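Report on the structure given below.
Just so we're on the same page: letters track the sequence lines, and every chain starts at 1. All figures in this text were calculated on a predicted structure; none of them were measured in a lab.
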Protein chains: 2
Amino acid sequence: MRQPASSARAASSSAPGNVGDVRKANLARVLSVIAGAGEDQRLSRADIAQLSQLTKASVSSLVADLLAAGLVIEIGVHRDGERGRPSVGLILNPARCVMGMEINVDYIAAGLVDLSGKLLAHEILPSANHSSTASEVLAALGELSQRLQAAARAQGLMILGGGLAVPGLVNEERYTVLQAPNLGWERQDLDVAALLPDAKTRFRLFNEANASALAQQQLMDVKERDFLFVSGEVGIGGGLIIDAELFAGPQGHAGELGHVVIAPEGRACSCGGRGCLETIAGQEAILAAADLGAMVDSASRQRRIHQLFQALETGTEPALSAVAEAGKSLGIAVASAMRLYDVSTVVFGGHFAALEQWLRPAMEASLQMHAPSIAGQARLLCSPLGQTGALVGAARSVAGDLLEAPHQLVG
Amino acid sequence: MRQPASSARAASSSAPGNVGDVRKANLARVLSVIAGAGEDQRLSRADIAQLSQLTKASVSSLVADLLAAGLVIEIGVHRDGERGRPSVGLILNPARCVMGMEINVDYIAAGLVDLSGKLLAHEILPSANHSSTASEVLAALGELSQRLQAAARAQGLMILGGGLAVPGLVNEERYTVLQAPNLGWERQDLDVAALLPDAKTRFRLFNEANASALAQQQLMDVKERDFLFVSGEVGIGGGLIIDAELFAGPQGHAGELGHVVIAPEGRACSCGGRGCLETIAGQEAILAAADLGAMVDSASRQRRIHQLFQALETGTEPALSAVAEAGKSLGIAVASAMRLYDVSTVVFGGHFAALEQWLRPAMEASLQMHAPSIAGQARLLCSPLGQTGALVGAARSVAGDLLEAPHQLVG
DNA sequence: CCATATAGTTCAGGACATAAACTAAATGGC
DNA sequence: GCCATTTAGTTTATGTCCTGAACTATATGG
């Protein structure tokens, strides 16, 4: 296992500058131009030279290294009716991929994601993880991983790294889950080497909301470089993208919207606090307020969520007001977060996206009431990401690390 | 006027990598080692080579450029009783400085700050700016600036740039104050060229809280790389330092703690919202809750603040509970901000620092109640920064930009 | 078959960091 | 007073890498 990206980045920035660094930077530059091109837009060396502002000579040399490293492949191009020597197309090697995985409360999932971020194959396995120990869950995920590794071998795919998303706070450097109350985990060291054994592999651990934010980024307009992703799962998480990069904060725990205080005299929260957003807009809180009981096992939650939607669709109280109350609280929390982060786009995922039609009116009214000066420019979107969102985001981010540091794979 | 740092940085990162970039990076590297040395620690070329991990040959060559650019000077060193050729000390040129300025509600200020961040000279002028137009205030500040420019000339100081802090939201690129409700300004373009006319000058515009945070950074332990500075002035601002850099957000408005919602059903705020922190912990709110009237001119505010402290020292209600209520609200807002930013250190400045003994108990109790899991590691400090804080921070930041991009001044 | 156009490669030149050899300037023992 | 020793700093040969210009490769179209 290589070092996670953060420390690798720190190391490279603290290293002295020598001429070789220029090549590292330019390898990454060329690769980012290739990766930045559209789906089936095949750039030639000449195109890359123009886009990267490097000379054709440099580009040829750099591309040769990328070809040798297997990050890029040449692909024939036929341009009808144009003069001149035909160009050779260059694309990211579609036979290189990253394994994304997720452990959530009610399922585990894994998938193969290519360097362009496309999900090639995946498998989702229902699994009541709250009642399981970390090692049991990891064993099951390990099996899932092995199946996908076999699938990769069968298709000639090389796995260059992996990412795992969990619904809780993680220490990325130590591969430790610090707190995942909805899994019932606390301070669990994860033996990630067992998930993806190849020693040459780069592996990173993610918070579920952060990973989902990274997946959401792929769906946004490239100009939308700043947004907050709010993940409504059993808990409420948040992932912040600033200047097209994940803003994780000093310890990697930034964005945790679930425990923003929105009712100072409110209910006690599982975090020990009082009046947190999660006590009103979390899944359990909504279900409880909708008079759908308070049992916590996975099977019953699925059933109760189904009942909630039935009640909403028939316009039955107290379900309607439970969701409206959640929307109102969400509007307050989002108002504060938008102010503190200075973002004007917020994307809602998980149950918030599913509840959009009942949630949005109350949320917008609340935002208008508490922050009229920003409500006008606010863009509140709902995410189409499903259960593969977090694994795709985790894998995509690891793939991005590889594309940013191609010299590690060259020569 | 050169471009502000943000665009300059973007430009350099989007430029293609050539060998010259290595030199730019190494110039900055050597300079940061010199700047990072203690007050009167005089590093030799040999010391720098060790600390920067560059070779002696490279350091000699780089230092020669920095000397030629006037950013660094040689200074004799006598080491008693040591063998070997004596080293030549290198320090930041003490004859280079940056002009910091501030426009606040009740005063204007300007000062000269050397490249190490030391305030060399300053002047503070009481000025009731709420009742003045932007051009009047700028004219007065221009005069102040001229006096300091004359002082600089008299002392042989060369002014390399300037920074101006204002209590409001700014657009740094356009030198525009977007909103400064406490000055009564909205969308004011500032003719900063009139403040510091030299065409070679780099000039930047700052939010007051951000500038203060940058000044506070100088007072912190170097290991304290992440903290939130909360500025209690007429309004409540915030400046966030993450990884030893200002986190300004996409538009430069991040950190605005004053309009975090802490009482959803609370009082209307000047921002048009409801229940913002400022409606309870802002200066006017505290004075009003302490039954000290609600007149808004500067002279009366100074008098009423004096009365507030008298009442607090004699333990008189309702002053005590007004401040306690502010502390409670501050605790709630800080709990949310600490969660969202993932910082564990918060530094309070302005009237919050002055009110510490009456504010702190309520604030700590509130933080403990609303976020017990982070209250334990939370470090809540009060800042000793006075009225020169913002100007020093603005100047220091501009000086930092110069030290980060020395190639602009070399050759 | 050849002019034209575009893609990509080769090669000389210059900037830069590096390592090793070299010069400079002090101390301290004799 | 002289010389070995020690540390500071400079000079020089070498290799990497980008650049620009010349050159080769490969298509179209008259």
Run the salt bridge (Lys or Arg N to Asp or Glu O under 4.0 Å) check on A:E74 and A:R45 step by step: do they pass?
-> CA-CA 10 Å; A:E74 292 187 328; A:R45 288 167 175 78; 2.6 Å; yes
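In this structure, the side chain of A:D226 does not engage the main chain of B:P250 through any donor-acceptor pair within 3.5 Å. A distance-only check finds no donor-acceptor pair linking the side chain of B:S397 to the backbone of B:G393 [under 3.5 Å]. Remark: the backbone N or O of A:E245 is not paired with any side-chain donor or acceptor of A:D243 at under 3.5 angstrom.
In this structure, the CD1 atom of B:I48 is 12 Å from the P atom of D:dA8, given to the nearest Å. Between the P atom of D:dT19 and the CZ atom of A:R29 lies a distance of 10 Å, rounded to the nearest Å. Between B:E74 atom CD and C:dA24 atom C1' the separation is 14 Å, expressed in whole Å. Nucleotide C:dA15 holds its C1' atom 13 Å from the CG atom of B:L27, rounded to whole Å. In this structure, CZ of B:R45 is placed 19 Å from P of D:dT7, rounded to the nearest angstrom. Per the geometry, CG belonging to A:D21 stands 14 Å off C1' belonging to D:dC18, to the nearest Å. Rounding to whole angstrom units, CG of residue B:L67 and P of D:dG9 are separated by 11 Å. Following rounding to the nearest Å, B:L90 (CG) and D:dA8 (C1') show an atom-to-atom distance of 12 Å.
From B:L54, atom CG reaches atom CG of B:N26 across 4.5 Å, with rounding to the nearest 0.5 Å.
Between B:T55 and the phosphate of C:dT18, there is a side-chain N or O to OP1/OP2 separation shorter than 4.0 Å. For C:dC16, the OP1/OP2 oxygens have no side-chain nitrogen or oxygen of B:N26 closer than 4.0 Å. Residue A:R23 places at least one side-chain N or O closer than 4.0 Å to OP1 or OP2 of D:dC18. Side-chain nitrogen and oxygen atoms of A:S58 include at least one within less than 4.0 Å of the OP1 or OP2 phosphate oxygen of D:dT19.
At a threshold of 4.0 angstrom between heavy atoms, the contacts of B:S44 are confined to the sugar-phosphate backbone, with no base atom among them. The residue A:V88 sits close only to the backbone: its heavy atoms come under 4.0 Å of sugar-phosphate atoms, none of a base.
Between B:D47 and B:R42 there is no salt bridge, since none of the side-chain N atoms of the basic residue sits less than 4.0 Å from a carboxylate O of the acidic one. A salt bridge links A:D401 to A:R204: one of the charged nitrogens lies within less than 4.0 Å of a carboxylate oxygen.
In this structure, a donor-acceptor pair under 3.5 Å is present between the side chains of A:T55 and A:S58. Side chain to side chain, B:Q217 and B:R396 meet the donor-acceptor criterion of an N or O pair below 3.5 Å.
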Within the sub-3.5 Å range, which N or O atoms of nucleotides 23-27 of chain D have a protein N or O partner, and how far apart are they?
from, atom 1, to, atom 2, distance (Å)
D:dA25, O4', A:R85, NH1, 3.4
D:dT26, O2, A:R85, N, 3.0
D:dA27, N3, A:G84, N, 3.4

Contact list (N/O, under 3.5 angstrom) for nucleotides 12-15 of chain D vs protein:
none

